[in-house]
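Encoded as structure tokens, the structure appears first; notes follow it.
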2 protein chains.
Amino acid sequence: MPVDDLHAIVARRLSGSTLRYTTSRRAIIDVLSRAERPLTLPQILGSDVSLAQSSAYRNLAELIGAGVVHRIVTSDEHAHFELAEDLTEHHHHLICTSCGTVTDFTVSVRLERELDVALAGEAAQRGFTAEHHRLDLLGRCASCLSA
Amino acid sequence: MPVDDLHAIVARRLSGSTLRYTTSRRAIIDVLSRAERPLTLPQILGSDVSLAQSSAYRNLAELIGAGVVHRIVTSDEHAHFELAEDLTEHHHHLICTSCGTVTDFTVSVRLERELDVALAGEAAQRGFTAEHHRLDLLGRCASCLSA
DNA sequence: CTCAGTGCAAAGGATTTGCATGCCG
DNA sequence: CGGCATGCAAATCCTTTGCACTGAG
């Protein structure tokens, strides 16, 4: 998606509330869209965005509330942030248990569909209302293996 | 698996190191094996096990190191603990985004196998060494819906 | 002018660690 | 007896919150 379109969409979703699309928020969205992987807060702040840590957390919280950013918790360390799936595409994560890096990957539409069916069945059976699923692969990434 | 067998296996794995299979550790294993879902530390301590919080965390860390307990991080709140998969069976989790409760479920062997193949392919392609996968379904559980 | 946004510092909350003591092998 | 286990309290670390100030509309 072109960056301009992205900003337009984000701006629209923010305007629903009384939220402004400030330079800082725009910078966060830019960094996340440029990154090819979910970033931690330190990474976001290192990357270009100059902002107090607390403001960054606050902005991310607003952006999450507006449905444009998603927060991923993989361990006890920093959470990772990425653009919401409807601004990118449905995907999954490879998580390195050694360095914590998160990388994206996708599976075939067919498998994805089979998963949905199976999960919907399980959910229905327990009166559980599914919002979304999460499929992660845990292991050691190439750079940690060579290290 | 009969509880006695379970304890025997745990004892064997602990004896590898210089770890003792104390009453407290045995109690933790008992609680986890009786529970039909992963438990948080407060739940473990409430459930029967009388132990200082720090000792409970320490024991869980030892048990995890010995490969008999697994730790699940779902959000920022308490982590959940369950017996290692090779002491139970491969399964997945339904996670309630409202109350945080975690419930187990399984999918068909066929689907599980397809997943493994697809994931192995993705991993290989990136020089990633997979340890295991994780498939979670997020949503609201029956009791949170009725509440 | 008003109110959202920001920075700084302090507070929170789960988990870990230091240290002295207790107890199993 | 020696060393692992345990309890208590203090320390960590990520994240959140309080508060006063700044700036955009």
Side-chain angles (χ1 to χ4, degrees), chain A residues 7 10-11 13-31 38-46 48-66 68-81 95 99-102, chain B residues 7 10-31 38-46 48-66 68-82 95 99-102:
Chain A
H7 284 308
V10 175
R13 294 204 189 160
L14 285 178
S15 64
S17 353
T18 53
L19 298 175
R20 292 178 199 152
Y21 197 19
T22 58
T23 308
S24 318
R25 288 176 188 164
R26 201 174 287 265
I28 291 175
I29 294 295
D30 271 329
V31 170
L39 302 178
T40 62
L41 189 118
Q43 289 171 335
I44 293 174
L45 291 182
D48 198 6
V49 183
S50 178
L51 199 57
Q53 201 179 46
S54 60
S55 300
Y57 274 118
R58 261 193 282 239
N59 281 330
L60 284 165
E62 302 290 8
L63 293 169
I64 290 170
V68 295
V69 167
H70 184 221
R71 183 172 192 262
I72 308 165
V73 180
T74 56
S75 67
D76 289 329
E77 282 117 47
H78 291 93
H80 290 251
F81 302 89
I95 301 171
C99 68
T101 297
V102 179
Chain B
H7 284 308
V10 175
R12 182 149 16 101
R13 294 203 190 161
L14 284 179
S15 64
S17 353
T18 53
L19 298 174
R20 293 177 197 155
Y21 198 18
T22 59
T23 309
S24 319
R25 289 177 186 164
R26 199 175 289 264
I28 290 175
I29 293 296
D30 271 329
V31 170
L39 302 177
T40 61
L41 189 119
Q43 289 171 336
I44 292 173
L45 291 182
D48 198 8
V49 183
S50 179
L51 199 56
Q53 203 180 44
S54 61
S55 300
Y57 274 118
R58 258 193 283 239
N59 281 330
L60 284 166
E62 301 290 9
L63 293 169
I64 290 169
V68 295
V69 167
H70 184 218
R71 184 171 191 260
I72 308 164
V73 180
T74 56
S75 68
D76 288 330
E77 282 115 49
H78 293 274
H80 290 251
F81 301 89
E82 65 183 358
I95 300 171
C99 68
T101 298
V102 179

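What's counted below: heavy atoms across the whole structure, side chains too, no hydrogens, waters or symmetry copies. Throughout, a chain's letter reflects where its sequence line sits, starting with A, and its residues are numbered from 1.
The phosphate of dG5(C) (OP1 or OP2) has no side-chain N or O of Asn59(A) nearer than 4.0 angstrom. Thr22(A) has no side-chain polar atom (N or O) that falls below the 4.0 Å cut-off from OP1 or OP2 of dA24(D). The phosphate of dT15(C) has OP1 or OP2 within less than 4.0 Å of a side-chain N or O from Arg71(B).
Residues Glu82(B) and Pro38(B) come closest through the heavy atom pair OE1-CG, 3.4 Å. Taking every heavy atom of both residues into account, Val31(B) and Ile44(B) meet most closely at CG1-CA, 4.5 Å. Of all heavy-atom pairs spanning Val73(B) and Ser75(A), the tightest one is CG1-O, 3.8 Å. A pairwise comparison of heavy atoms in Gln53(A) and Leu45(A) identifies CA-CD1, 4.0 Å as the closest pair.
Ala79(A) comes within 4.0 angstrom of the backbone, heavy atoms only, and of no base.
Here the side chains of Ile29(A) and Val69(A) are in contact, with some heavy-atom distance below 4.5 Å. The shortest distance between side-chain heavy atoms of Leu14(B) and Leu63(B) falls below 4.5 Å.
Here the C1' atom of nucleotide dT15(C) and the CD atom of Glu62(B) are 15 Å apart, to the nearest Å. One can place CG of Leu14(A) at 12 Å from C1' of dA4(C), the figure rounded to the nearest angstrom. The distance from atom NE2 of His80(B) to atom P of dT15(C) is 9 Å, rounded to the nearest whole Å. Put simply, CD1 on Ile72(B) is 17 Å from C1' on dA14(C), counting in whole angstrom units. One atom, CD1 of Ile44(B), and another, P of dA14(C), lie 15 Å apart when rounded to the nearest Å. Counting to the nearest Å, the C1' atom of dT6(D) and the CG atom of Leu63(B) are 15 Å from each other. The CD atom of Gln43(B) sits 12 Å away from the P atom of dT15(C) (whole-angstrom rounding).
Annotation: of the two residues near DNA chain C, Leu19(A) and Leu41(B), the 5′-most nearest-nucleotide partner is Leu19(A).
Of the residues in residues 51-58 of chain A, those with a non-hydrogen atom less than 4.0 angstrom from any atom of DNA chain D are Gln53(A), Ser54(A), Tyr57(A), Arg58(A).
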Table of protein N/O atoms under 3.5 Å from nucleotides 10-13 of chain D N/O atoms:
none

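The terminal axes of the helix from dC1(C)-dG25(D) to dG25(C)-dC1(D), fitted over 5 pairs per end, subtend an angle of 20° to the nearest 10°.
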Which pairs would a plain distance check flag for residues 55-62 of chain B, meaning a side-chain donor or acceptor within less than 3.5 Å of a matching protein atom at least two apart in sequence or in another chain?
| from | atom 1 | to | atom 2 | distance (Å) |
| --- | --- | --- | --- | --- |
| Asn59(B) | OD1 | Arg25(B) | NE | 2.6 |
| Asn59(B) | OD1 | Arg25(B) | NH2 | 3.2 |
| Asn59(B) | ND2 | Ser55(B) | O | 3.3 |

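Interatomic distance, Leu39(B) CG to Thr101(B) OG1, rounded to the nearest 0.5 Å: 10.5 Å. A distance of 3.5 Å separates NE2 in His7(A) from CG in Asp30(A), rounded to the nearest 0.5 Å.
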Subject >> Base versus backbone protein contacts along nucleotides 20-25 of chain C [heavy-atom cut-off under 4.0 Å; B, S, -] >> reply: ----B-
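The salt bridge (Lys or Arg N to Asp or Glu O under 4.0 Å) test applied to Asp76(A) returns Arg71(B), not counting sequence neighbours.
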